[in-house]
> 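Take this structure, written in structure tokens, and hold onto it; I'll ask about it next.
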Number of protein chains: 2
Amino acid sequence: MGRTPPHPEVSQFDLQQVLEALVDPVRRSIVAQLDASGVDIPCGGFDIPVSKSTATHHFNVLREAGLIRQYYVGTSRMNSLRRAEMDEVFPGLLDALTRQPVRKT
Amino acid sequence: MGRTPPHPEVSQFDLQQVLEALVDPVRRSIVAQLDASGVDIPCGGFDIPVSKSTATHHFNVLREAGLIRQYYVGTSRMNSLRRAEMDEVFPGLLDALTRQPVRKT
DNA sequence: GCGAAAGTACGATCGATGTCAAACTTTGAT
DNA sequence: ATCAAAGTTTGACATCGATCGTACTTTCGC
């Protein structure tokens, strides 16, 4: 593994892509948990009701949209919320979403 | 026709449903056009690249999510953005979205 | 009344996406 | 060296939703 996956630059953030990422409740929950905790969290450290392979998919979608940054620490893939960068490009968006609890299903 | 379709109350607005409505570019374009014009617009008065039956579907989704209010005037169905009510329940959300241009696709 | 205009209803289609299981890879610890 | 832990990859599957065409309904104007 060891390789750092590609991350989009701020200038490439796309609203459509960000919305498609955030419309999924599992992914919105991941973002909410990152936002609430304030620290980076490994993939396995989230409370989400899906299998590991599905989780991998969700993290990929979030990373490709620019919502999280991922880096390895040993065998763990850490996830960091790109809060400031998102706020810069889409001011108010994450605020509006994290202010609300994520729906159950 | 003549009958007024059902509209959700503010207390029933659901973030998941609102996001699912706004993730579609056509629907986001409808909301943006309503927001920009400031006046009510009949279904046929929007600049959207879909057939009439598809348009009907999109307006239904927006209405059921609480984003627009619909009422008949003759054979025309008028559409009104429920801006204040949305802002009340999801402050900042419409601001964040209408601030951005709707992507082409 | 009749025709046109504005939508709606109803299927049907087709692509996208969320999901999982199984096999694999990489890293750290013993 | 071996094993376990943490993710990834791949392929399959199922569901959902955007789309359209056609037929239908309602209302307005002549």
Side-chain angles (χ1 to χ4, degrees), chain A residues 1-7 14 16-31 33-34 40-65 67-80 102-105, chain B residues 1-7 14 16-31 33-34 40-65 67-80 102-105:
Chain A
M1 296 173 179
R3 286 236 43 81
T4 304
H7 292 76
D14 178 75
Q16 183 63 36
Q17 198 176 356
V18 170
L19 284 181
E20 284 170 5
L22 291 175
V23 77
D24 185 281
V26 173
R27 289 194 290 264
R28 211 158 62 252
S29 170
I30 291 172
V31 169
Q33 290 177 49
L34 276 174
D40 296 0
I41 303 177
C43 291
F46 291 87
D47 180 20
I48 50 179
V50 295
S51 69
K52 286 205 302 178
S53 51
T54 299
T56 293
H57 169 244
H58 286 310
F59 287 113
N60 286 342
V61 172
L62 287 172
R63 173 174 43 75
E64 287 160 13
L67 281 157
I68 61 174
R69 190 174 296 280
Q70 298 190 292
Y71 59 96
Y72 277 97
V73 173
T75 107
S76 289
R77 190 169 219 170
M78 299 300 295
N79 301 279
S80 168
V102 176
R103 204 182 66 175
K104 316 304 174 297
T105 297
Chain B
M1 298 174 178
R3 285 235 45 79
T4 305
H7 292 75
D14 177 77
Q16 183 63 35
Q17 198 176 356
V18 170
L19 284 180
E20 284 170 6
L22 292 175
V23 77
D24 185 281
V26 174
R27 289 195 287 264
R28 212 158 61 254
S29 169
I30 291 172
V31 168
Q33 289 177 49
L34 276 174
D40 297 359
I41 304 178
C43 291
F46 290 87
D47 180 20
I48 48 178
V50 294
S51 69
K52 285 206 302 177
S53 52
T54 298
T56 294
H57 167 65
H58 286 310
F59 287 113
N60 287 341
V61 172
L62 288 172
R63 173 173 43 73
E64 287 160 14
L67 282 157
I68 61 173
R69 190 174 294 281
Q70 298 189 293
Y71 59 96
Y72 278 98
V73 173
T75 105
S76 289
R77 190 170 219 172
M78 300 298 295
N79 301 278
S80 169
V102 176
R103 203 181 65 175
K104 315 306 176 297
T105 304

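Residue numbering restarts at 1 for every chain, and letters A, B, ... go by the order of the sequence lines.
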> When you measure from the side chain of B:Arg27, which nucleotide among D:dA18, D:dG7, C:dA6 comes out closest?
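Among D:dA18, D:dG7, C:dA6, the one nearest the side chain of B:Arg27 is D:dA18.
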> Using atom CG of B:Asn60 as one end and atom P of D:dA18 as the other, report the distance to the nearest whole Å.
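In whole Å, D:dA18 P lies 12 Å from B:Asn60 CG.
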> Looking only at heavy atoms, which two atoms of A:Ser29 and A:Asp47 are closest? And how far apart?
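That closest heavy-atom pairing would be OG-O, 4.3 Å.
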> Which residue, A:Val61, A:Leu62, A:Leu67, A:Asn79, forms the side chain to side chain contact (heavy atoms under 4.5 Å, CB included) with A:Ile30?
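Going through the options one by one, the only one that passes is A:Leu62.
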> Can you name the closest pair of heavy atoms from A:Val18 and A:Ala65 and give their distance?
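The answer is CG2-O, 3.7 Å.
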> Return the value, rounded to whole Å, for the distance between atom CD of A:Gln70 and atom P of C:dT26.
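Taking CD of A:Gln70 and P of C:dT26, I get 18 Å after rounding.
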> Could you tell me whether B:His58 contacts a base, only the sugar-phosphate backbone, or nothing, with contacts defined as non-hydrogen atoms closer than 4.0 Å?
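Result for B:His58 = sugar-phosphate.
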> I want to check something: taking the side chain as every heavy atom from C-beta on, are A:Leu19 and B:Arg28 in contact at a cut-off of under 4.5 Å?
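Counting from C-beta outward, A:Leu19 and B:Arg28 do come under 4.5 Å.
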> Would you indicate which nucleotide in D:dG7, D:dT27, D:dA18 comes nearest to any side-chain atom of B:His57?
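Nearest nucleotide to the side chain: D:dA18.
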> Looking only at atom types and distance, does a side-chain atom of B:Ser76 sit under 3.5 Å from a main-chain N or O of B:Tyr72, one as donor and one as acceptor?
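Not confirmed, B:Ser76 side chain does not pair with B:Tyr72 backbone.
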> Round to the nearest Å and state the distance from A:Leu19 atom CG to C:dA16 atom C1'.
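Distance, rounded to whole Å: 17 Å.
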> Taking DNA chain D as the partner, which of residues 43-55 of chain B come within under 4.0 angstrom of it by heavy atom?
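Result for residues 43-55 of chain B: B:Val50, B:Ser51, B:Ser53, B:Thr54, sorted by number.
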> Check whether any side-chain heavy atom of B:Gln70 lies under 4.5 Å from a side-chain heavy atom of B:Phe59, and answer yes or no.
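Sidechains of B:Phe59 and B:Gln70: in contact.
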> Scan A:Asp24 against the nucleic acid and name what it touches under 4.0 Å (heavy atoms): base, sugar-phosphate only, or nothing.
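The answer is sugar-phosphate, as A:Asp24 gets under 4.0 Å only of primed atoms, P, OP1 or OP2.
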> Can you check the B:Tyr72 OH to C:dA6 C1' distance for me, whole Å?
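It is 9 Å, rounded to the nearest whole Å.
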> Just the rounded figure in Å: distance from P of D:dC16 to CD of A:Glu20.
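For the pair A:Glu20 CD and D:dC16 P, the rounded distance is 19 Å.
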> So, is B:Ser76 near the phosphate of D:dT27, with a side-chain N or O under 4.0 Å from OP1 or OP2?
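Answer is no, no contact under 4.0 Å.
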> Rounded off to whole Å, could you give me the CD1-to-P distance for the A:Ile41 and D:dA6 pair?
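Checked: the CD1 to P distance equals 15 Å.
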> Any idea which heavy atoms bring B:Glu20 and B:Arg27 closest together, and the distance?
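For B:Glu20 and B:Arg27, the tightest heavy-atom pair comes out as O-NH2, 3.1 Å.
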> A:Gln17 has an atom CD; how far is it from atom P of C:dA16, in whole Å?
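Spelled out: CD on A:Gln17 to P on C:dA16 is 15 Å.
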> Roughly, in whole Å, what's the span from CZ in A:Phe59 to P in C:dG18?
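Rounding to the nearest Å, CZ of A:Phe59 and P of C:dG18 are 14 Å apart.
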